[in-house]
Structure formats: structure tokens, C-alpha cells
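What's counted below: heavy atoms across the whole structure, side chains too, no hydrogens, waters or symmetry copies. Numbering of residues begins at 1 and proceeds along the displayed sequence.
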Amino acid sequence: MSRPPPELSPPRVTTGQWGILLASLAVAAASYLTSSYGAVFGFIIALTLLNLWLLGSLLLEALRTRLLGKSLLTGGTLLFFWLETLADFQHPVPFPMPHSPITTETQFSLALVHQALVYVAVFQFMLFAGYSLRPHLGLVTSWADSRTDRKGWTSLVLKLLLAACALTPLLLSFSLDLQNVTKALLAARSGSGPAGEPVGLLHNLEFLGMFGAALLIAKGTVLPGRHKLVWLLAGAVCAAPFVFPGARHLWLFIGLPAVAIAAMRFLGRGALFRAMQWGMVAMGILLVVQLQWGLRGTGWNNIGNLKPAQLLTASSTGQFTALLYAEYLVPERHPYFMEVAEPYFVIHWIPRKFWPEKPIMRSWTEYNDSYTGGSSEFNVTPSVIGQFHINWGVLGVVFIGAWLGFLTCLADRLMLGLDLDRQQALAVVVGMLYAFILSSFRFYSPIYVTYVVFGLVGMWLITRGTPAAQKRSRRAQLHIGNTGLPRV
């Protein structure tokens with residue numbers, strides 16, 4: 001297996017980018033010199049500004065490379081952690097302690113805040129260290145080269161059937177009663193809508209539908225082709241079961257592929273208008289995400305009562321508080337769990353119908369029970385940093401940062417080698433891989449992998465294998481095209 005030519009490799013981490021990452025580590029470590037919450041706020045401001053600077057430079061880089069990987073890593077860290085530190089400090093009591101059966105304090109100690117800042121800086125540094133890895137990926141890229149979209153009526157029917165899978169479990173749950181389906185969707189998580197009947201294993205159809213809806217929305221917005229409005233409307237209808245309930249990560253798996261594909265199509269060509277279109281698609285996704293957050297407890301019927309300030313709030317992930325609670329819990333009140341997550345990614349596929357006592361992650365269960373008091377009304381994730389801290393300490397944080405960074409490099413590499421005229425379905429799957437990486441900032445979970453795996457299944461159904469000779473010819477054309485030479 002040979003390495004890809006430099007022209008088909010994701011961009012390297014530059015000296016300037018390493019400098020900002022090292023500066024963040026230094027500032028986070030220097031926060032230990034402070035002895036008051038007011039003093040640590042200056043370090044938080046410095047860390048946020050450094051990462052805004054880094055994000056800005058990476059977005060400019062994306063205009064040239066057309067790849068979003070490094071921007072998503074920095075944007076995710078900024079959204080889930082650095083901006084959350086600012087929000088947590090703005091409370092009347094900075095870094096307030098959540099109510100739980102084991103807590104008596106009103107706020108997290110300064111020592112835990114110091115540790116959390118260092119953890120986030122280490123995690124971000126390792127994201128880029130993992131992104132810098134360039135292992136042999138010949139088998140993966142060769143397989144990706146081999147899948148091209150089917151054409152004709154068969155392909156059209158399969159795409160529509162896949163997208164319709166998103167609606168099938170919901171319709172069956174309410175016995176095809178469209179009025180109750182509409183009421184349930186508009187009620188979101190308010191608890192005021194009608195309750196449907198369970199559909200058993202048929203609920204897995206909605207995961208195929210997620211891929212189908214993502215493909216239709218991408219075809220209706222950024223992929224080449226005709227009848228865009230028809231594709232977009234069909235995609236929007238099929239996306240409704242994922243958008244209305246209020247789980248923002250579901251919309252991420254549907255909307256982010258379009259953004260990643262738009263970057264590949266429209267950036268790097270000096271087309272300012274196209275870049276603005278891409279930005280509008282991204283802003284549309286962010287708007288839906290914020291609407292989901294603002295309406296998740298009241299239902300979409302109350303959209304008219306939503307205040308503009310609620311759409312602008314940055315404190316909507318709670319992951320920095322979750323990290324602080326993970327530090328509070330382990331190792332002072334509970335020993336390190338030393339639990340490996342990957343086996344759960346395997347047993348996840350065994351239905352509980354056949355294994356009623358199938359275990360779930362003990363580390364998450366005890367963390368969640370401690371935080372919520374065993375409440376069944378909601379659950380709490382420890383953030384990916386907190387998750388690996390309560391299992392393996394700082395070594396776990398180092399590992400998961402490097403692993404997610406490497407997966408991002410892989411996604412960039414796959415996206416860079418795609419022909420968007422002939423590999424649209426595969427491009428959507430790669431976009432869903434980006435969504436898995438970002439969702440994992442909240443929790444490294446087999447649930448998020450499920451969406452990508454079903455996306456792969458859907459992609460397989462609507463693509464076909466390419467003969468080896470055609471693969472070699474296309475790879476040569478990609479190589480020539482990326483060197484700036486004319487295609488022959």
C-alpha cells in the first residue's frame with residue numbers, strides 16, 4: 001500500500017497553528033498560579049481569544065484547501081468547552097455545582113477549574129497531533145474509489161425509498177394517523193403530544209432514513225444535478241422526525257454533509273458568491289440547531305414566543321460543567337473505572353429482544369446516576385474529556401484526542417479523493433463521519449456510530465463497484481487535476 005500523493009493529502013498542521021496550540025497549553029497551565037475565581041477569568045478570556053484566532057486562521061485555510069476537518073475540530077472545542085467556560089463564569093456563583101445526591105458545595109473548586117482548563121488544552125493539542133498522523137490508508141481509499149452512484153430509475157426509486165424509511169417507524173407507531181403524527185412532531189419534548197405505540201426492531205429503519213434525508217437535502221442544495229427544489233422539499237419532509245423532536249445531534253448528521261460537500265464544490269476557486277452560499281447553508285443548520293434547543297421543552301407550537309436572545313445563547317451544551325463534575329467524582333469519590341468503550345460498540349448491535357440483560361457502560365451509568373440521582377426523566381453525559389478522565393485519567397484524554405483527530409484526517413482524505421459527480425452517496429457518508437466526530441465531543445458512544453454504519457448500508461444499496469481499470473484511470477485524473485495540470 002502506497003501513500004497518497006501530496007496533492008491528495010489533507011493539509012499539514014502549520015508551525016503557526018502548533019504555536020497557538022502550545023500557547024493554549026501554557027496559558028491553561030499558568031492558570032494554576034491564580035488563587036481566585038476572578039483572577040482565573042483573565043486566563044479563560046486569553047484561552048478563548050487564542051482559539052478564536054486559531055479558528056479564524058483555519059477557516060481561511062479551508063477557503064484554499066476546501067477541507068473542513070481542522071476547522072471542525074477547533075470549532076467543536078470552542079463550542080463545547082471554551083465558550084462554555086465563559087458562560088459558566090457569568091453565573092451569580094461562578095462554575096456552580098449542579099444539584100445531586102452527593103454534593104453539598106455550591107460551586108466547583110478552583111483546583112477542578114484549573115484541571116479542566118488543562119484537560120481541554122491537552123485534548124485540543126492531541127486532536128491536532130492525531131490529525132498529523134499519516135498512516136497507510138490504501139485499503140480504505142481503494143474501497144472508496146470503487147463505489148460510484150447508480151444511474152437511472154432504479155437509483156431514483158432507491159433514494160426515495162431510503163429517505164421514506166425516516167417516516168415509516170413514525171407512521172406505523174401512530175397507525176398511519178397523520179393528524180396524531182403531526183401533533184407528536186410539533187409537541188417536541190414537551191410531553192403534551194400523543195404517545196405512539198412501539199414498533200420494535202422496525203425503528204432501525206429511521207437510521208436508513210437519516211442517510212436518505214441527508215442525501216436528498218445535499219442534492220437539493222449543493223450537489224450537482226437538476227430538480228433541486230424537488231429534492232430539497234422531499235429531504236425536508238423526511239428530515240422532520242429528526243428535526244422536530246429537538247435532539248440536535250440528529251440534525252447534525254443530516255445537515256453537516258451538505259456543508260462539507262459545499263466546501264469541496266465551491267471553495268478554492270475564488271468564487272466569493274459560492275462561498276457566501278456555503279456560509280448560508282451553514283448558518284441555516286445553526287439556526288435549526290438553536291431552534292431545537294429553544295423549543296425542546298415547549299414544542300414547536302410555541303415558536304412565536306421564542307425570543308431572539310434565546311437563539312444567540314452560547315451556553316447550550318453544558319459540557320464544561322459535565323467535565324468539572326467528572327473531575328469532582330473521580331478519583332476522590334470513586335476510583336477510575338478503567339473501562340474500554342469499544343466492546344460496547346460491538347454488543348450494541350445485539351437487540352435487547354435477544355439479550356435483555358445486555359450491559360451498558362458502567363462508567364456512564366454511575367456518572368449519570370450520581371449526577372441525576374437516578375432520575376429517568378433525563379440523562380447527562382460527562383463530555384468526551386470527562387468520559388475518558390473517569391476511566392483512564394490524563395492518559396485517556398490524550399488517547400481520545402489523538403483518535404478523534406486521526407478520524408478527522410481520514411474523513412478529509414476521503415473527501416479530497418471523491419468525484420462529486422459520480423460519488424454523491426459516498427460524500428454524504430463522509431459528511432456523516434464528520435458529524436460522528438463532532439457528536440463524540442459530547443460522548444464517545446456506539447449510538448453515534450450507528451448512524452454512520454446505516455449510512456454505509458444505504459450508500460452500498462445505491463452505488464455499484466467500479467472495475468479496477470476505471471479506478472486507476474480516475475485516480476490518475478484526480479492526481480493530474482490536483483497538480484494544476486490540464487485534464488487529458
Side-chain angles (χ1 to χ4, degrees), residues 140-169 171 202 204-242 253-266 274 277 281 414-433 435 451-478 481 487-488:
V140 177
T141 55
S142 178
W143 171 82
D145 288 343
S146 72
R147 306 307 302 178
T148 57
D149 298 330
R150 296 181 185 273
K151 303 295 183 182
W153 284 102
T154 301
S155 173
L156 174 62
V157 171
L158 284 174
K159 289 172 184 174
L160 294 177
L161 285 176
L162 282 172
C165 286
L167 301 170
T168 302
L171 291 172
L202 287 177
N204 289 297
L205 288 175
E206 67 184 14
F207 302 140
L208 281 174
M210 177 185 289
F211 164 77
L215 178 58
L216 296 192
I217 287 177
K219 287 183 70 65
T221 53
V222 295
L223 281 170
R226 297 177 296 174
H227 311 301
K228 287 189 172 295
L229 183 58
V230 175
W231 289 119
L232 181 58
L233 290 175
V237 171
C238 295
F242 307 108
F253 280 86
I254 295 174
L256 189 55
V259 175
I261 293 168
M264 287 300 300
R265 286 203 66 207
F266 303 141
R274 292 294 192 183
Q277 285 183 315
V281 172
L414 291 173
M415 187 64 79
L416 193 61
L418 293 179
D419 180 345
L420 295 180
D421 290 320
R422 301 167 62 244
Q423 294 183 296
Q424 297 179 359
L426 185 55
V428 170
V429 173
V430 176
M432 295 178 78
L433 177 56
Y451 309 144
V452 181
V453 171
F454 273 92
L456 284 168
V457 173
M459 180 275 298
W460 188 270
L461 292 173
I462 59 176
T463 60
R464 59 183 177 84
T466 303
Q470 292 184 27
K471 286 196 297 179
R472 288 192 295 269
S473 174
R474 196 176 72 82
R475 181 175 286 275
Q477 290 177 352
L478 279 171
R487 294 181 182 270
V488 180

Atom pair OG1 (Thr148) and CD1 (Ile462), whose distance is rounded to the nearest 0.5 Å = 11.5 Å

Residues in side-chain contact (heavy atoms from CB on, under 4.5 Å) with Ala240, at least two apart?
-> Leu185, Phe244

Minimum side-chain heavy-atom gap Asp149-Thr463 below 4.5 Å = yes

When every non-hydrogen atom of Leu420 is compared with those of Ala427, the smallest separation belongs to CD2-CB, 3.7 Å

Going from OH on Tyr451 to CZ on Phe242, what distance comes out if it is rounded to the nearest 0.5 angstrom?
-> 8.5 Å

Qualifying residues under side-chain contact (heavy atoms from CB on, under 4.5 Å), relative to Ala239, sequence neighbours excluded | Ala213, Ile217, Val243, Trp251, Ile254

Which heavy atom in Met432 sits nearest to a heavy atom in Pro257, and how many Å separate them?
-> N-CG, 3.8 Å

Within the side chain of Arg265, is there an N or O that forms a donor-acceptor pair under 3.5 Å with the backbone of Val222?
-> yes

Using a 3.5 Å cut-off and no angle test, enumerate the donor-acceptor pairs between side-chain atoms of residues 151-169 and protein atoms at least two apart in sequence or in another chain.
residue, atom, partner, partner atom, Å
Ser155, OG, Arg150, O, 3.1
Thr168, OG1, Ala164, O, 3.1

Could you state the interatomic distance from CG (Leu215) to CG (Leu426), rounded to the nearest 0.5 Å?
-> 11.5 Å

For side chain to side chain contact (heavy atoms under 4.5 Å, CB included), just list the numbers for Ile261 and Val430, CA-CA rounded to whole Å, side-chain angles, deciding distance to a tenth of an Å, and then say yes or no.
-> CA-CA 9 Å; Ile261 293 168; Val430 176; over 6 Å; no

Within the distance-only criterion (no hydrogens, no angle test), does the side chain of Gln423 pair as donor or acceptor with the backbone N or O of Arg147 below 3.5 angstrom?
-> yes

Drop me the distance from Leu461's CG to Phe211's CZ, to the nearest 0.5 angstrom.
-> 8.5 Å

Result block: side-chain N/O donor-acceptor pairs under 3.5 angstrom for residues 223-235, not counting sequence neighbours:
residue, atom, partner, partner atom, Å
Lys228, NZ, Lys219, O, 3.3
Lys228, NZ, Leu223, O, 2.2
Trp231, NE1, Arg226, O, 3.2

Heavy-atom distance under 4.5 Å between the side chains of Leu418 and Gln424, does that happen here?
-> no

Using the ring of each side chain (for Trp, its six-membered ring), is Trp143 parallel, tilted or perpendicular to Trp460, with breaks at 30° and 60°?
-> parallel

